[in-house]
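Working notes for the structure below.
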Amino acid sequence: MHDFKYINNELYCEKVKVADIIKKVGSPAYIYSHKTFVEHIRKLQAAFKSVKPLICYSMKANSNLAILKAVVNEGAGLDIVSGGELYRAKKVKCPAERIVFAGVGKTEREIEDAIRYGILFFNVESLPELELIQKVARRLKCKASVSIRVNPNVDPRTHRYIATGKKESKFGIDLGLAEGVFSNTARYPNIELCAIHCHIGSQIVSGEPFVEAFKKVAAFIDEIEKKYKVKIKYLNLGGGLGVIYSNEKPQTAAQYARNILPIFKGKKYRLVFEPGRFVSANGGILVGQVIYVKRTQVKNFAIVDAAMNDLLRPSLYDAHHEVWPLKRSSRTEKEIYDVVGPVCESGDVLARERLLQKLHDGEYVAMMSAGAYGYVMASNYNSRGRAPEVLVKGSKFEIVKKREDYQTLIAGETIPAFV
Ligand SMILES: *Cc1c(COP(=O)(O)O)cnc(C)c1O
């Protein structure tokens, strides 16, 4: 579900013609639909309304301040993974009690900043991290709230780069070690062990891996509550909901709720969700202009001004993004293209072997479903400035991050006198 559609063969984002935006901001550019983002938050809220969960949007998927403000306005919280993300959360005035903090390598400074801000809890990923949080909380003379991220050892059946809940993954603590923590709470007098966290991976399209993991985790909580007289106040079920990039058939929010809510019937803890991709993927596109159509003996290349430095997913994960021309042609001629960028890497391919309408120099194409893990992974590789981000709401649009110019590109660089 998204708000990018053709009207009279012209691509629109909500009520704005995408070509009109490009005329104003140039190419390449990221364009986001406000409605698509907030509707995905609302779908989750509606599906789970019987249990009133806390929904913490996982901002690493798309952390533009305008997007964060929009989701916080919907009553959502934020899932953060760094001090920089905490800074963004503060900038949009996300209430501290709606922030959860994950990540395997939190530094002492990040931990201190988050404790001072009063976040809901840390999702702790190792025993040394737990020791460090204990140390910082003792120094600050307070109690830090902690959720233990358990690794349930299930296979989420997704790309290996985005599987996080198998035992060989760097994330989480295996159930045996986690139990050890609860059996020895005296070791952590400045920590309140109030929650369990479980995030098994990303772009998971079927319900089974979630059900399998959550049953294990629910049983684990029952066991530790009984054995060690602890009280778990929150169960954080992570993100990972799959979305449609081409012909996937992911479970809907409602199906997800039907699949998993029975597991938690009668449980006292509040559920927390950390959706990232589900909220943002379909809400954004990356528009590029065809610079050249290059024909070789074996292939046609549509060389566009957007590249792997703008959208890394195809190069990194072989990810599929649909390619939609901004102006749909009435001609029926079609050709097969590799859509590639100007970056000097053979891996700089945005879309491989796609049957598209015949393309011409100067035309625009949109890489669809680029709202998650798109702009946030952009780099300056090949000294390319990052593309701007534009937010559309109804018939209004605004640049919410400007294009990086050449000065920005070298900002902070110096040439030492000894050179
Ligand atoms: C990345 C991440 C998420 C979000 O994952 P999606 O697949 O984008 O929903 C949620 N929780 C944690 C801990 C993460 O690292």
Side-chain angles (χ1 to χ4, degrees), residues 1-6 11 13 18 28-33 35-37 39-41 43-44 57-58 60-62 67 156-164 200-210 238-253 255-256 274-288 302 304 306-326 328 336-341 347-357 364-378 387 389:
M1 199 296 305
H2 59 69
D3 283 276
F4 296 92
K5 56 187 176 298
Y6 286 102
L11 186 63
C13 174
V18 175
Y30 272 97
I31 295 169
Y32 304 135
S33 154
K35 185 165 170 224
T36 308
F37 279 82
E39 287 209 335
H40 281 87
I41 293 280
K43 276 183 190 181
L44 271 176
Y57 166 60
S58 186
K60 74 176 192 282
N62 185 326
I67 299 294
R157 283 153 253 168
T158 184
H159 192 287
R160 66 191 167 86
Y161 283 14
I162 49 178
T164 59
I200 57 174
S202 198
Q203 185 54 12
I204 302 168
V205 289
S206 74
E208 294 94 58
F210 290 109
L241 280 173
V243 304
I244 300 174
Y245 286 103
S246 56
N247 48 19
E248 298 88 346
K249 299 229 165 17
Q251 52 179 353
T252 62
Q255 284 164 340
Y256 183 50
E274 302 171 325
R277 190 187 309 272
F278 179 79
V279 174
S280 53
N282 294 146
I285 61 174
L286 171 65
V287 176
V304 297
M308 66 185 286
N309 76 295
D310 300 300
L311 180 62
L312 185 61
R313 299 187 67 256
S315 308
L316 186 62
Y317 316 121
D318 257 326
H320 178 104
H321 290 269
E322 291 286 307
V323 181
W324 288 13
L326 289 205
R328 232 171 14 188
I336 294 176
Y337 295 96
D338 276 12
V339 179
V340 302
D348 183 21
V349 179
L350 295 172
R352 225 178 265 281
E353 297 184 355
R354 299 296 175 78
L355 183 64
L356 304 173
Q357 72 181 38
Y364 294 96
V365 291
M367 309 298 303
M368 303 304 292
S369 305
Y373 307 106
Y375 187 88
V376 289
M377 286 192 187
E389 293 173 287

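Position 1 is the first residue of the sequence, and the numbers go up from there.
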For V339 and V349, what are the C-alpha separation, side-chain angles and deciding distance, and is it a side chain to side chain contact (heavy atoms under 4.5 Å, CB included)?
CA-CA 6 Å; V339 179; V349 179; over 6 Å; no
Do K249 and I244 come within less than 4.5 Å of each other through their side chains, counting heavy atoms only?
no
Interatomic distance, CD1@I204 vs CZ@R277, rounded to 0.5 Å, equals 9.5 Å
Starting at CG of N62, measure out to OH of Y373 and round the result to the nearest 0.5 Å.
10.0 Å
Could you go through V365 and W324, starting from their C-alpha distance and side-chain angles, then the distance that decides it, and tell me whether this counts as side chain to side chain contact (heavy atoms under 4.5 Å, CB included)?
CA-CA 6 Å; V365 291; W324 288 13; over 6 Å; no
Nearest 0.5 Å, what's the CG-OG distance between L286 and S369?
12.0 Å
Taking atom NZ of K35 as the centre, does the number of heavy atoms from other residues, nucleotides or ligands within less than 6.0 Å exceed 12?
no
When every non-hydrogen atom of A306 is compared with those of G288, the smallest separation belongs to CB-CA, 4.3 Å
Testing the 3.5 Å rule here: is there a donor-acceptor pair between the side chains of R354 and H321?
no
Considering only heavy atoms from C-beta outward, does the side chain of Y6 approach that of P325 to under 4.5 Å?
yes
Test side chain to side chain contact (heavy atoms under 4.5 Å, CB included) applied to I67 and Y57, step by step
CA-CA 10 Å; I67 299 294; Y57 166 60; 4.2 Å; yes
Testing the 3.5 Å rule here: is there a donor-acceptor pair between the side chains of N282 and T36?
no
For residues A61 and S280, report the shortest heavy-atom separation together with the two atoms involved.
CB-OG, 3.5 Å
Is it true that a side-chain atom of Y256 and a backbone atom of L44 form a donor plus acceptor pair closer than 3.5 Å?
no
Euclidean distance, I336 CD1 relative to L356 CG, rounded to 0.5 Å
9.0 Å
Looking only at atom types and distance, does a side-chain atom of E248 sit under 3.5 Å from a main-chain N or O of S246, one as donor and one as acceptor?
yes
Smallest separation among heavy atoms of G242 and V205, with atom names
CA-CG1, 4.4 Å
Would R313 pass as a cation-pi partner of Y245, given that its NZ or CZ must be under 6.0 Å from the six-membered ring centre and within 45 degrees of the axis?
yes
Which pair of heavy atoms, one from S315 and one from M308, lies closest together, and at what distance?
OG-CB, 3.5 Å
Who pairs with Y337 by ring-ring contact (aromatic ring centres under 6.0 Å, His included), at least two apart in sequence or on another chain?
none
Drop me the distance from H40's NE2 to L241's CG, to the nearest 0.5 angstrom.
10.0 Å
Would you say CZ of R328 has more than 12 non-hydrogen atoms from neighbouring residues, nucleotides or ligands within 6.0 angstrom?
yes
Is a side-chain N or O of Q203 found less than 3.5 angstrom from the main chain of V243, in a donor-acceptor match?
yes
Starting at NE2 of H2, measure out to OH of Y32 and round the result to the nearest 0.5 Å.
15.5 Å
Applying side chain to side chain contact (heavy atoms under 4.5 Å, CB included) to L350 and V304, what does each step give before you reach the verdict?
CA-CA 9 Å; L350 295 172; V304 297; 3.8 Å; yes
Report yes if the side chains of I285 and C13 come closer than 4.5 Å at any heavy-atom pair, otherwise no.
no
